[in-house]
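Order of the sequence lines fixes the chain letters, A, B, ..., with proteins taken first and strands second; residue numbering starts at 1 for each chain.
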Amino acid sequence: MNNKMILKIKALSQNESFSRSTVAAFCAFLNPTVDEIGDIKTALSEAVTNCIVHGYNHGDGDITIEAEIDDDNTIHISVADNGVGIADIEKAMQPFFSTSPDERSGMGFTIMESFMDKLEVSPNTPSGLIVKMTKRLNKEKSEV
Amino acid sequence: MNIIFKNVGNTTYIGLAGELDEHTAMYTKNKLDEILEKANSRIVFDFSGLEFMDSTGIGVLIGRYKKFRDNKFSFFLSGANSTLDKVLTLSGIYTIMPKLNI
């Protein structure tokens, strides 16, 4: 049976560490490798940072994180905000694209894309952004 | 986030311990700027105590590189765990701050 968690947090940077650890703890029963946990925590952190820095521009707002694990050992994570959203999603997903390139790397979506198996970014309703990511765990173990 | 530094010969070793993300980025920037103002010409970042870093940390490193361009520092990165090593590789930062195995 699928297992699911929903976490709703204020868009505050001190909640980043908390949300990473929570999602990591949620998938612990699958016995993920240290590298798999590292990948998930990093990808999630990129998505939550986007909500805080771009979606809400460090202002007030909520972030909803949902994680679901299916029978195929695959974790589906969605990170949603009701901030300003992104006008040109395709452009924003280009490596090194940043609205403030002096202190920002523009690597967020590229990291999510390469650390997870699948990434989908779409507008939220009525406003904001939803980032959906999936990753199959224990791939190496089960394919041997 | 804990940041310590040590001067040895022409090298300043800067050790970061903890988690570098949006929450600790401002403190890290300020602390690094303070150390780099008086640093030696060769800078070695030691990430062996860094448990987590995302692309916000890449931005912090690139920001320091740009800010201290006139100081002609040579920067090196060491001690990254395997996840952080992937982040660093993906960002291309090793081309301006080579990896050092110590």
Counting only heavy atoms closer than 4.5 Å, note whether [X] contacts chain B via side chain, backbone, both or neither.
| X | answer |
| --- | --- |
| A:Ser45 | both |
| A:Val48 | neither |
| A:Thr42 | both |

Look at the side-chain heavy atoms of Ile, Leu, Val, Met, Phe, Trp and Tyr, link any pair under 4.5 Å apart, and say whether [X] and [Y] land in one connected group.
| X | Y | value |
| --- | --- | --- |
| A:Met93 | A:Phe115 | no |
| A:Ile9 | B:Phe52 | no |
| A:Ile63 | A:Met116 | yes |
| A:Met133 | A:Ile52 | yes |
| B:Leu36 | B:Met26 | no |

Which atoms form the tightest heavy-atom contact between [X] and [Y], and what is the distance?
| X | Y | result |
| --- | --- | --- |
| B:Thr83 | A:Asp39 | CG2-N, 4.2 Å |
| B:Glu19 | A:Ser17 | OE1-OG, 2.6 Å |
| B:Ser55 | A:Met107 | CB-CB, 4.0 Å |
| B:Ser91 | A:Phe96 | O-CE2, 3.5 Å |
| A:Pro101 | B:Lys66 | O-NZ, 3.3 Å |

- Note, B:Ile62 side chain near A:Glu103 side chain (heavy atom, < 4.5 Å): no

- Message: A side-chain contact here means heavy atoms from C-beta on lying under 4.5 Å apart; do B:Asp54 and A:Glu16 qualify?
- Response: yes

- Out of B:Leu61, B:Val87, B:Asn81, B:Leu84, which one racks up the most heavy-atom pairs below 4.5 Å with chain A?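 When all of B:Leu61, B:Val87, B:Asn81, B:Leu84 are compared, B:Val87 has the most.
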
- Any ion pair linking A:Arg20 and B:Asp21 (charged N to carboxylate O, less than 4.0 Å)?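 So B:Asp21 pairs with A:Arg20 through a salt bridge.
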
Under 4.5 Å from a heavy atom of chain A, the part of [X] involved:
| X | result |
| --- | --- |
| B:Val60 | backbone |
| B:Glu22 | both |
| B:Lys67 | neither |

- Message: With a sphere of 6.0 Å drawn around NZ of A:Lys132, does it hold more than 12 non-hydrogen atoms of other residues, nucleotides or ligands?
- Response: no

- Query: Does CD1 belonging to B:Ile4 count more than 12 external heavy atoms closer than 6.0 Å?
  - Reply: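 No, not enclosed.
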
- Test log, rule side chain to side chain contact (heavy atoms under 4.5 Å, CB included), inputs B:Thr56 and A:Arg104: CA-CA 6 Å; B:Thr56 302; A:Arg104 298 268 166 205; 3.9 Å; yes

